[in-house]
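Predicted, not measured: the structure shown is a model, and the values here were computed from it. Chain naming here is simple, since letters A, B, ... match the order of the sequence lines and numbering starts at 1 in each.
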Protein chains: 2
Amino acid sequence: MIAQRPNKRATISDVAKLAGVSISTVSRVVNETAPVADETVQQVRHAIETLDYTPHAAARTLAGRRTGTIGLLLPEISGAFYAPMLRGIEAGALEAGFDLLIHASSAVLQERGNGSLPLAEHNVDGLLVFTDRLTDSEISRLYRRGFPLVLLHRTPPAGLDIPCVTFENKAGTRRLIEHLIIAHGCRRIGFLAGPDGNEDSYWRELGYREALAAHGIPLDPSLRSVGAFDEEQAEAAVAAWLRQGIELDAVFGGDDEGATGAIQALQRAGRRVPQDVAVAGFDDVPFARLMTPPLTTVRAPIEMAGQQAASQLITLIQGGESDSSTLLPTELVIRRSCGCA
Amino acid sequence: MIAQRPNKRATISDVAKLAGVSISTVSRVVNETAPVADETVQQVRHAIETLDYTPHAAARTLAGRRTGTIGLLLPEISGAFYAPMLRGIEAGALEAGFDLLIHASSAVLQERGNGSLPLAEHNVDGLLVFTDRLTDSEISRLYRRGFPLVLLHRTPPAGLDIPCVTFENKAGTRRLIEHLIIAHGCRRIGFLAGPDGNEDSYWRELGYREALAAHGIPLDPSLRSVGAFDEEQAEAAVAAWLRQGIELDAVFGGDDEGATGAIQALQRAGRRVPQDVAVAGFDDVPFARLMTPPLTTVRAPIEMAGQQAASQLITLIQGGESDSSTLLPTELVIRRSCGCA
DNA sequence: CTGAAAGCGCTTACAG
DNA sequence: CTGAAAGCGCTTACAG
């Protein structure tokens, strides 16, 4: 068993005393916020070292009115999607010297017992919002307070000029579906939608429709189901199609997880992929190329999206201007699951 | 272009004024830290609501000497390993009402320009350390200050009584290797070590050796290479074995990423898995069961490890006692890559 | 280049 | 049950 023994820490006054200067001067050498005589700097530095002094973040925040931290609101941490996204956000935050506070709870911005919000104006200087859990009205409230906000994969509520960064979902999907149509002659292409209300999915569906329309293929509503960007749900959806005897020559999984589930269902039912049914995804998650067959998909710059979102947020925090909306390019990645050799 | 317009916020004094009470009273109703007359409570609550008041975290921290936040130090965010680990840590933190601050930089605990540490005594109440980047001496320094610390996948520097949580690496690996030996008659089993100095890998190697010894199989040093828990490095290592004409009837990838690389190298060289060479991993990452062939591996309770580590840290922070070391059980997961049907 | 002082927004004894 | 006051450890005008 281990118990903790508390311990006194050096403060700015201790340093000032030891160095024989005022705390203002210590603050100045620590922050390089005003010129200080060389000799004085040396004394202060030495005192800092011998006392192992480290400034107290909360005191700084309170006195200086900034936390040096950005917050991230996530729906939940799972799936291959998150690692690259977090890496990008971390990179964006760090390169500007900001810390990252994350909240993946489903109850985010729910009040806590003590009445404070888990992630709000006071522990972060701004918020990156990637979740449907935050309602439009909560977003409005923060926005009206002038609190810096950047949305990921989600457009702002009507009338609010909040920056958002998303992928070029529609064009990417359209290119993918057209490849299926043109190169592989597919005409009955199943579409697996994402979770309800998901905007990425909304645009992908538009791209899907455009591709069909452009090639004179009528839209068949029975070819639409919900995979929810979830392997299991996608598998169930495709299994249901198969059970109902719905003819398919391809299925677009909505994302790579959905494609994975689709492949499972197909193979389980004895269909060969891609010989009997082509399958394609979206994201190009690290595992996509390792699947059997390797997955044809649309590469989304997930990491870059995270980094850009973080950078934009920090620009806003620092009083700068930010683009109101960023659409990151996507790229078709052709592998074998579509039928290409 | 979007620019930010700042905005005034209500403070505890505003609330006190509006409610016609002192700030002490407001503090008491907000924190439920002392009995307050019902009527007063109502007035204060009402004032809080009309002013949309939210306590300032930094002020609370400064006055109350706690941040309500735990920090996490990671080497880098990548691989299928991280999502479950983060999920567990988040869960552990949240259930105790703590926030999570993460740092995945390689330069962690490196001083910043302003002399403050990115993650230290002042922005967090305790630290979860899962990285080799933090040297033993840095850990000692924090420990000596009485700063709550919990180590993940790493034992404390000699003499320091710091709690750590790890997997049952040795026993799990031994069971796995014995399965290869007993069920599949393997005798020339390649071992792919993790990154240099990695403790998980160290124990897995001991388990590997024990298994061989228990079955009278001599240790062949040429059967050891470094995969670094990385797909590409593992692939290169196995490719090198093949090129050198080293005979193998199985390879243990060190972890699932390593196993993935091994399978790639083997298949690329025309060897069938598992008919020609069996392959096994460690972790049972979400994708393991989806690989071709489905991967035989050792299931590590990654998410639980994260949660336990967070809980233990919070126990320490709250002045409680914590186990000095937690060894989480692992479980053999037999699929097809070992040769089982 | 340097210091004294006010103030950031809270919590927490101390009185009553 | 309630308030006045000190103090948490800094930053930042204001003087000099």
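Classification of B:Glu199 and B:Arg154 as a salt-bridged pair fails, no side-chain N sitting under 4.0 Å from a carboxylate O.
Straight-line distance from the CG atom of B:Asp14 to the P atom of C:dG9: 9 Å, rounded to whole Å. Counting to the nearest Å, the C1' atom of D:dT2 and the CG atom of B:Asn31 are 16 Å from each other. Atom CG in A:Leu62 sits about 13 Å away from atom P in D:dC8, given to the nearest Å. Taking atom CZ of residue B:Arg28 and atom P of nucleotide D:dC1, one finds them 11 Å apart after rounding to whole Å. D:dC14 atom C1' lies 15 Å from atom CD1 of A:Ile23, rounded to whole Å. Per the geometry, NZ belonging to B:Lys17 stands 16 Å off C1' belonging to D:dG3, to the nearest Å. Atom CD1 of A:Ile12 is separated from atom C1' of D:dC10 by 6 Å (rounded to the nearest Å). For A:Glu32 and C:dC1, the CD to P distance is 14 Å, given to the nearest whole Å.
Counting heavy atoms from C-beta outward, A:Gln307 and A:Glu95 have side chains that approach closer than 4.5 Å.
A donor-acceptor contact closer than 3.5 angstrom is absent between the side chains of B:Ser324 and B:Asp161. Looking at B:Thr326 and B:Gln312, their side chains do bring a donor and an acceptor atom within 3.5 Å of each other.
At C:dT2, none of the side-chain N or O atoms of A:Ser24 fall inside 4.0 Å of OP1 or OP2 (strictly under the cut-off). Contact between the side-chain N/O atoms of B:Ser13 and the OP1/OP2 oxygens of C:dG9 is not found at any separation under 4.0 Å. The phosphate of C:dG3 (OP1 or OP2) has a side-chain N or O of A:Ser22 nearer than 4.0 angstrom. For D:dT2, one of the phosphate oxygens OP1 or OP2 lies less than 4.0 angstrom from a side-chain nitrogen or oxygen of B:Thr40. Residue B:Ser27 places no side-chain N or O under 4.0 Å from the OP1 or OP2 atom of C:dC10.
With distances taken from any side-chain atom of B:Thr25 to the nucleotides D:dT2, C:dC1, C:dG9, the minimum falls on D:dT2. Among D:dG9, C:dC10, C:dC1, the nucleotide with an atom closest to any side-chain atom of A:Ala63 is D:dG9.
In this entry C:dA4 has no Watson-Crick or G-U wobble partner, no candidate having both defining distances under 3.5 Å. For C:dA13, there is no paired nucleotide, since no Watson-Crick or G-U wobble pair has both relevant distances below 3.5 Å.
Mapping A:Val21 and B:Ala59 onto DNA chain C by nearest heavy atom places A:Val21 at the nucleotide closer to the 5' end.
A distance-only check finds a donor-acceptor pair linking the side chain of B:Thr67 to the backbone of B:Asp125 [under 3.5 Å].
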